[in-house]
2 protein chains.
Amino acid sequence: MKILIADDDHDLLALIGFTLSQSGFVVIKASDGISALRLFSVEAPDLVLLDINMPGANGFEVCARIRERSSVPVMMLTARGEEDALVKALELGADDYLNKPFSPRTLIARVKALLRRAGFEANATPIRAGRLQLDVDEHTVRVGLGEPLRLTKLETRLLQTLLVNAGHAISSDRLLMQVWGHKGAGDRQLLKQLVHRVRQKIEVDPSVPQLLQTAQSAGYKLVVE
Amino acid sequence: MKILIADDDHDLLALIGFTLSQSGFVVIKASDGISALRLFSVEAPDLVLLDINMPGANGFEVCARIRERSSVPVMMLTARGEEDALVKALELGADDYLNKPFSPRTLIARVKALLRRAGFEANATPIRAGRLQLDVDEHTVRVGLGEPLRLTKLETRLLQTLLVNAGHAISSDRLLMQVWGHKGAGDRQLLKQLVHRVRQKIEVDPSVPQLLQTAQSAGYKLVVE
DNA sequence: CAGACTGGTTATAAACTGGTTACAAATGGC
DNA sequence: GCCATTTGTAACCAGTTTATAACCAGTCTG
């Protein structure tokens, strides 16, 4: 399930992104209205979180533009004292709103409620990239036309992050963040291990990786032809 | 279509009542929790709108009492800054919520959406998937052409969730949420037990499950051929 | 070149998961 | 109240998954 977040507050953006990805959502971030719209077209998210106050194009404009061509659920983020703005946003077609500050738990509950309301229950479509097809719910991957392979929780999260960003190298720090939810010096080994185990499963010859390749000192990336 | 509204704010009660009756609904009003419960029994409404803050018995209590004996759709009305309360209400079995202030248009849309959603579920027709046929009202399942088996309340809820998502693995967390309405560390055992008991009933050889299978570290799923 | 750093590999320990048995508490009809 | 059923708790085991450590080969840097 893919969620687009647009907010100009980078700290908040990171926090929301982290919270949601911990719950298994794939997160796409935008820090202004223009990129939000661009990313909306490119990524086709299943839900959009919009801050009302943003440079580029504010929450209203983005919401209105999205509504012109999609009925995807939109949740507005508002600061206290923006009641008028809020009513306007709801009139414009926003489906829900969340007052800052909010707890991660609240965010998750509301996002899930909104998705449920939108009829998205849990029929997640598998993520495809190159020769790989990942089913996040089932914790399985298929390589080419082969049999689905069982993955562990961490393996699934790693592949999920790499598949969503297929073709681009992802830094070790970011992978640690996405998979374990924290980063520390001692965790270098965890990632090495996890990559190793995933390669054992998905590569034809694990010693010569064709899919999950190392990008020297830049992290790892998933190769797509 | 009959709707019960419970709110201690008389103005708001009148406004909501007016809005809904304009849309053709029959409206029953209650201004406190106690009368809400009494009217619920007497009138058997098709949907309930509950304010969280009420004298007599608050929204939670009313919601919980209603849930004890009915699966009628319940929508909570919340004020700003009641996020925690809201999350609790959703966990208690409320189906949707509406933040004040809301526009009449939003109210109508949400009520209709909820009724539509509930209409599908309460369709009284047994849920079928693969070789299983579950009658939620009767609390029975049939496996293939066999005799209907009696199920307990929890067993029914578990199978209902799995059947609706037949073929897809459902996480333990989500099952805990659907069946018990909460999740916690110690609740792991509950699910293990319940799955075990259901298998004893529906599987030919409970030690080699053909229907209710384990998806390692991803939850459980119902197999359909 | 030495030392720091990175990434791959192997091995082992610790934590967690799921199945099972047994039993206690709660619930519901009579 | 009593009884049967249902639900919750605890403990144990086997298997899997994850964390930690150690060693090695490259690579980068001063």
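Letters go in sequence order (proteins before strands), and every chain restarts at 1.
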> Are Trp180(B) and dG8(D) close enough that a side-chain N or O sits under 4.0 Å from OP1 or OP2?
Replying inline: yes
> With Ser41(A), which residues qualify under side chain to side chain donor-acceptor pair (under 3.5 Å), at least two apart?
Replying inline: Arg69(A)
> Looking at residues 217-224 of chain A, who's got a heavy atom less than 4.0 Å off DNA chain C?
Replying inline: Ser217(A), Tyr220(A)
Which pairs of donor and acceptor atoms, one on a side chain in residues 29-36 of chain B, lie under 3.5 Å apart (sequence neighbours left out)?
unit_1: Asp32(B); atom_1: OD1; unit_2: Ile34(B); atom_2: N; d: 3.0
unit_1: Asp32(B); atom_1: OD1; unit_2: Ser35(B); atom_2: N; d: 3.0
unit_1: Asp32(B); atom_1: OD1; unit_2: Ser35(B); atom_2: OG; d: 3.0
unit_1: Asp32(B); atom_1: OD2; unit_2: Ser35(B); atom_2: OG; d: 2.8
unit_1: Ser35(B); atom_1: OG; unit_2: Asp32(B); atom_2: O; d: 3.3

> Looking at Glu155(B) and Arg197(B), does any basic side-chain N land under 4.0 Å from a carboxylate oxygen?
Replying inline: no
> Could you give the CD-to-P distance, from Glu155(A) to dT16(D), as a whole number of Å?
Replying inline: 13 Å
>> Once you apply a heavy-atom cut-off of 4.0 Å, does Arg199(A) come out as touching a base, just sugar-phosphate, or nothing?
In response: sugar-phosphate
>> Generate the contact string for nucleotides 22-30 of chain D. Rules: B means base contact, S means sugar-phosphate contact only, - means no protein heavy atom under 4.0 Å.
In response: B--------
>> Please identify the 5'-most and 3'-most nucleotides of DNA chain C with any atom under 4.0 angstrom from a heavy atom of chain B.
In response: dT17(C) to dA22(C)
> What residues form a side chain to side chain donor-acceptor pair (under 3.5 Å) with Thr214(A), not counting sequence neighbours?
Replying inline: Arg199(A)
> Atom CZ of Arg150(A) to atom P of dT18(D): distance rounded to whole Å?
Replying inline: 10 Å
> By side-chain contact (heavy atoms from CB on, under 4.5 Å), which residues pair with Val204(A), not counting sequence neighbours?
Replying inline: none
>> List the residues meeting salt bridge (Lys or Arg N to Asp or Glu O under 4.0 Å) with Lys221(A), not counting sequence neighbours, and say none if there are none.
In response: none
> With a 4.5 Å heavy-atom cut-off, do Leu194(A) and Trp180(A) have their side chains touching?
Replying inline: yes
>> Distance check needed: dA21(D) P versus Leu190(A) CG, whole Å only.
In response: 11 Å
>> As a check on the pairing definition, encode DNA chain D in dot-bracket form, counting Watson-Crick and G-U wobble pairs whose two distances are under 3.5 Å, and using | for partners outside this strand.
In response: ||||||||||||||||||||||||||||||
> His196(A) NE2 to dT20(D) P: how many Å, rounded?
Replying inline: 19 Å
>> Is it true that Ser207(B) and Asp205(B) share a donor-acceptor pair across their side chains at a distance under 3.5 Å?
In response: yes
>> Need one value for Leu154(B): base, sugar-phosphate or nothing, where a base atom within 4.0 Å counts as base even if backbone is also close, heavy atoms only.
In response: sugar-phosphate
> Do Glu43(A) and Lys2(A) meet the salt-bridge criterion of a basic N to acidic O distance under 4.0 Å?
Replying inline: yes
> Got a sec, which pairs hit salt bridge (Lys or Arg N to Asp or Glu O under 4.0 Å) with one end in residues 158-172 of chain A, sequence neighbours left out?
Replying inline: none
> When you check the side-chain N and O atoms of Tyr97(B) and Arg110(A), is any donor under 3.5 Å from an acceptor?
Replying inline: yes
> Got a sec, which residues hit side chain to side chain donor-acceptor pair (under 3.5 Å) with Lys153(A), two or more places apart in sequence or on another chain?
Replying inline: none
> Among all residues two or more places apart in sequence or in another chain, which pass the side-chain contact (heavy atoms from CB on, under 4.5 Å) test with Arg128(A)?
Replying inline: Gln133(A)
